[in-house]
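Counting starts at 1 for both ligands and their atoms, in listed order. Numbering starts at 1 and runs along the sequence shown. The figures that follow rest on heavy atoms only: side chains count, while hydrogens, waters and symmetry mates do not.
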Amino acid sequence: MKELLENFFTSCYDFSESEYELKSKYALVNGMLGITILFVFVLTIFLVFYQKYLFALATSTYLLLQIGAIFFLRKSKTNYRIVIPLIPTISILLILIALNMYPLEHVRLLWFFVAIIASFFLGGRRLGFFVTFLSVFSIVFANYYFNMNFNSYTLVLANVIILLGAAILNLYENREEVSKKRLSDMNISLELRVKDEIKKRILMYEESNNKLKKSALELEKQKNSYRELAFYDTLTGLPNRALFYDRLRHSIHKAKRHHTKVAVLFLDLDNFKEINDSLGHYLGDKVLKAVASRLKNKIRKSDSLARIGGDEFTLLLEDFRDVSVVGDIAKNLIDVILEPIYIDNHQLYVSVSIGIGIYPDDGTDASALLKYADAAMYSAKKEGFGLFHFYKKEMTEKSLERLTLETSIRQGLENNEFVVYYQPVMSSSKNKLIGLEALVRWQHPQRGLLAPVHFMEVAESSALIVQLGEYVLRSAAKQFALWYSQELHPDFLAVNLSVKQLHHHTLMPLLSEILESTSFCTSWLELEITEGYTMQKPKEAIKFLKQIRRLGIRLSIDDFGTGFSSLSYLKKLPVNKLKIDRSFIKDIPRHKGDMALVSAIVSMSKSMHLEVVAEGVETQEQRDFLDSIGCDKIQGYYFSKPISANDIEMKYLKK
Ligand code: C2E
Ligand code: MG
Ligand code: MG
């Protein structure tokens with residue numbers, strides 16, 4: 001019912017659920033306005049009827065005001081705050097005045113209480129008391145001036161009830177306060193919950209923030225590890241070539257500004273390849289690590305050490321007083337590396353060669369300095385192990401020479417400028433040719449006929465020796481087969497093989513192919529190998545040489561005595577012949593030690609059932625001595641220098 005009434009009086013406004021109280025007040029005001037309008041209207045008619053025109057004018061003005069108020073209220077809800085203290089107050093007063101005139105006392109009282117309660121409800125405590133005061137005043141006023149029939153008991157009762165009403169209203173307001181407090185409590189708990197929630201969210205946020213930070217850290221770590229990979233050597237942890245270059249460039253810039261010097265040391269281990277080959281990469285890596293840490297411990301923190309290749313290290317030195325200090329440092333580094341390295345029960349000896357380039361004396365840019373230091377290292381290595389060289393201009397000139405020589409060897413091979421010469425191997429007792437050694441010569445278009453000493457080293461250090469060796473083998477075999485077809489050939493043809501050829505995978509197929517294509521008898525061919533090859537990887541060498549021997553090809557050890565092969569090892573090698581190196585022959589008969597050595601080699605060969613040839617025999621005395629110790633096979637200028645195939649034919653075969 002209440003709701004229905006409320007809705008009836010407030011149907012033209014929208015109230016949200018939380019505005020329920022406002023809606024009730026609104027309904028009451030509207031209702032009261034409606035009743036007042038009706039009442040004032042009746043009163044106006046009544047006054048006109050009794051010809052009280054002045055009163056009638058006042059009431060009708062009031063009527064208009066009330067109607068205006070209704071319109072004003074309907075325009076907006078906010079107008080309620082303006083209307084509320086005015087309209088109900090005036091309305092209630094008017095109703096009271098009118099009701100005071102009403103004959104039935106209890107009806108008057110009822111209206112009186114309703115008005116008071118309504119004013120408390122609508123306007124709050126202050127307005128309520130104000131209305132109460134005015135009401136009482138109006139009753140008293142009406143009683144005295146209009147002589148109305150109010151008895152004093154009624155008035156006392158009215159006052160008591162008013163006070164009770166006020167007390168009840170107070171209670172109501174207290175209740176309101178309680179509910180307000182409850183609301184504020186709720187607010188607080190809500191606030192707490194919100195705070196809790198916020199805390200939770202903050203925690204969650206922090207957690208995800210931490211996770212984010214963690215992954216950012218990991219990302220940073222990854223970035224660092226990529227950086228490490230890009231700029232550091234993974235084995236030793238030292239800077240790599242790229243970082244070294246960068247540091248070198250930086251140092252050069254600094255040195256330029258301060259007019260100081262920078263030294264680049266290029267370090268290369270002398271025998272690392274052998275260690276790697278004989279002991280394997282695992283130990284090889286350990287050696288590199290040990291070398292790196294020794295070097296690191298020997299230098300200052302400000303010096304920059306890097307590993308730029310397999311067994312190549314570089315060191316950057318700044319702030320040195322004079323260049324001799326750099327030499328001292330290089331010497332110290334060589335000494336520290338020379339100390340034995342103990343790895344997995346192995347006692348290893350490593351030595352290092354060092355080349356030094358100085359800014360600005362030798363070069364002014366990073367790559368040139370490094371190149372010069374490299375050239376100096378190369379020159380140190382050539383002189384022996386464990387040495388250091390400062391860069392000199394001639395060094396690069398030499399390496400340039402090497403480079404041009406390499407190119408012209410390549411061109412020479414393309415242009416068939418290489419020819420094979422043959423040197424006779426003679427039987428001393430029979431004074432007869434028994435074999436030929438094929439020795440390569442280069443018919444250089446400008447420089448004339450060149451012996452191997454002018455090009456062999458460069459050819460051997462590059463891969464060109466494989467091509468050159470193949471060429472010599474093919475043409476010598478062809479020549480020998482031709483002589484054979486003319487029934488001119490001697491017993492054997494000796495061909496030199498370089499270490500690189502022996503390691504090359506094409507050698508075996510090449511030998512088989514040559515033997516087949518030239519109708520060449522395998523027992524005629526003798527391959528000369530060096531002690532160096534057999535010493536590098538003895539087990540594999542023996543295995544490979546046995547394969548060659550299985551083809552029927554004979555093997556000899558060239559320059560015997562210059563290497564370090566032991567007798568027990570020699571026994572295992574599948575070779576047929578030893579060729580005593582020229583260095584042992586050339587001082588015979590002056591050098592008694594050599595003579596003793598040569599006779600020892602000859603008798604040892606015999607006891608091992610090996611053939612023996614003496615190389616470089618130049619004099620009659622040498623021949624006589626060799627005859628006396630039973631070395632019959634002789635090769636040397638005494639009989640003939642290496643000569644062309646034609647000359648061999650003329651001098652030896654067609655005699
Ligand atoms: P090698 O195999 O020991 O050849 C003997 C060398 O000693 C030849 O030098 C020869 O001319 C020289 N010789 C011989 N008898 C005498 C002598 O009585 N006195 C002097 N002073 N020297 C004598 P060549 O032809 O200059 O060859 C030098 C080296 O070059 C050879 O030494 C060999 O190791 C290498 N070589 C030559 N041709 C070839 C080849 O086709 N392939 C390979 N891999 N190496 C070759
Ligand atoms: Mg030889
Ligand atoms: Mg020789």
Side-chain angles (χ1 to χ4, degrees), residues 409 412-413 417-426 428 435-444 448-480 492-504 507 510-511 514 525-533 554-563 575-588 598 601 611-623 625-626 631 633-645 647-648:
I409 293 174
L413 274 165
E417 287 167 12
F418 289 92
V419 287
V420 181
Y421 269 42
Y422 300 89
Q423 187 176 30
V425 181
M426 306 290 287
S428 184
L436 293 170
E437 177 176 2
L439 293 159
V440 70
R441 297 289 181 267
W442 184 4
Q443 191 62 62
H444 196 280
L449 192 72
L450 298 179
V453 69
H454 299 289
F455 58 87
M456 196 48 92
E457 193 200 322
V458 173
E460 274 189 331
S461 65
S462 69
L464 284 167
I465 186 66
V466 177
Q467 222 179 317
L468 186 63
E470 184 181 332
Y471 170 78
V472 172
L473 199 60
R474 272 183 197 285
S475 38
K478 219 162 120 187
Q479 181 62 64
F480 210 80
F492 65 88
L493 168 72
V495 179
N496 294 284
L497 280 191
S498 84
V499 177
K500 274 213 174 107
Q501 271 178 288
L502 282 155
H503 283 308
H504 210 266
L507 183 64
L510 177 76
L511 289 172
I514 288 171
L525 184 62
E526 192 173 285
L527 295 178
E528 295 189 5
I529 55 169
T530 55
E531 276 177 288
Y533 167 72
R554 292 155 56 81
L555 292 170
S556 66
I557 294 187
D558 203 356
D559 306 336
F560 184 77
T562 53
V575 293
N576 311 82
K577 189 185 275 180
L578 300 182
K579 292 185 80 175
I580 304 171
D581 191 65
R582 193 174 71 86
S583 57
F584 300 107
I585 308 292
K586 73 177 188 335
D587 293 328
I588 293 173
V598 171
I601 293 173
E611 291 176 42
V612 64
V613 175
E615 283 188 290
V617 180
E618 292 184 0
T619 62
Q620 183 65 48
E621 288 101 317
Q622 287 166 353
R623 183 187 173 181
F625 169 71
L626 290 164
C631 178
K633 294 179 178 101
I634 284 172
Q635 181 181 345
Y637 292 176
Y638 175 76
F639 289 106
S640 168
K641 285 191 171 182
I643 49 176
S644 68
D647 289 348
I648 288 281

Heavy-atom closest pair, residues [X] and [Y]:
X    : Y    : value
V466 : Q501 : CA-CG, 4.0 Å
Y638 : T619 : CD1-C, 3.6 Å
A614 : I585 : CB-CD1, 4.0 Å

Short question: side chain of [X], backbone of [Y] - any donor-acceptor pair under 3.5 Å?
X    : Y    : result
E531 : G561 : yes
K500 : S461 : yes
R623 : V617 : no

>> Tell me every residue that passes salt bridge (charged side-chain N to carboxylate O under 4.0 Å, His left out) with E460, counting only those two or more places apart in sequence or in another chain.
In response: none

>> I'd like to check the side chain to side chain contact (heavy atoms under 4.5 Å, CB included) partners of D581; sequence neighbours left out, ordered by chain and number.
In response: D559, T562, S583, F584, E615

> If you measure only the distance, is there a donor-acceptor pair under 3.5 Å linking the side chains of R441 and Y421?
Replying inline: no

> When you measure from the Mg ion (ligand 2) to each N, O or S atom of E437, which atom gives the shortest distance?
Replying inline: OE2

> In order of chain and number, which residues sit within 4.0 Å of ligand 1 by heavy atom?
Replying inline: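 The answer is Q423, E437, L439, V440, R441, P452, M456, V472, N496, L497, S498, E528, D558, D559, R582, E615, G616, V617, E618, G636, Y637, P642, counting any residue whose heavy atom sits under 4.0 Å from ligand 1.
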
> What are the protein N/O/S atoms, named by residue and atom, that sit under 2.8 Å from the Mg ion (ligand 3)?
Replying inline: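 Per the 2.8 Å query on the Mg ion (ligand 3), atoms found are D558 OD1, D559 OD1, E615 OE1, E615 OE2.
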
> So W442 and F418, would you call those rings parallel, tilted or perpendicular, with 30° and 60° as cut-offs?
Replying inline: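 Parallel.
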
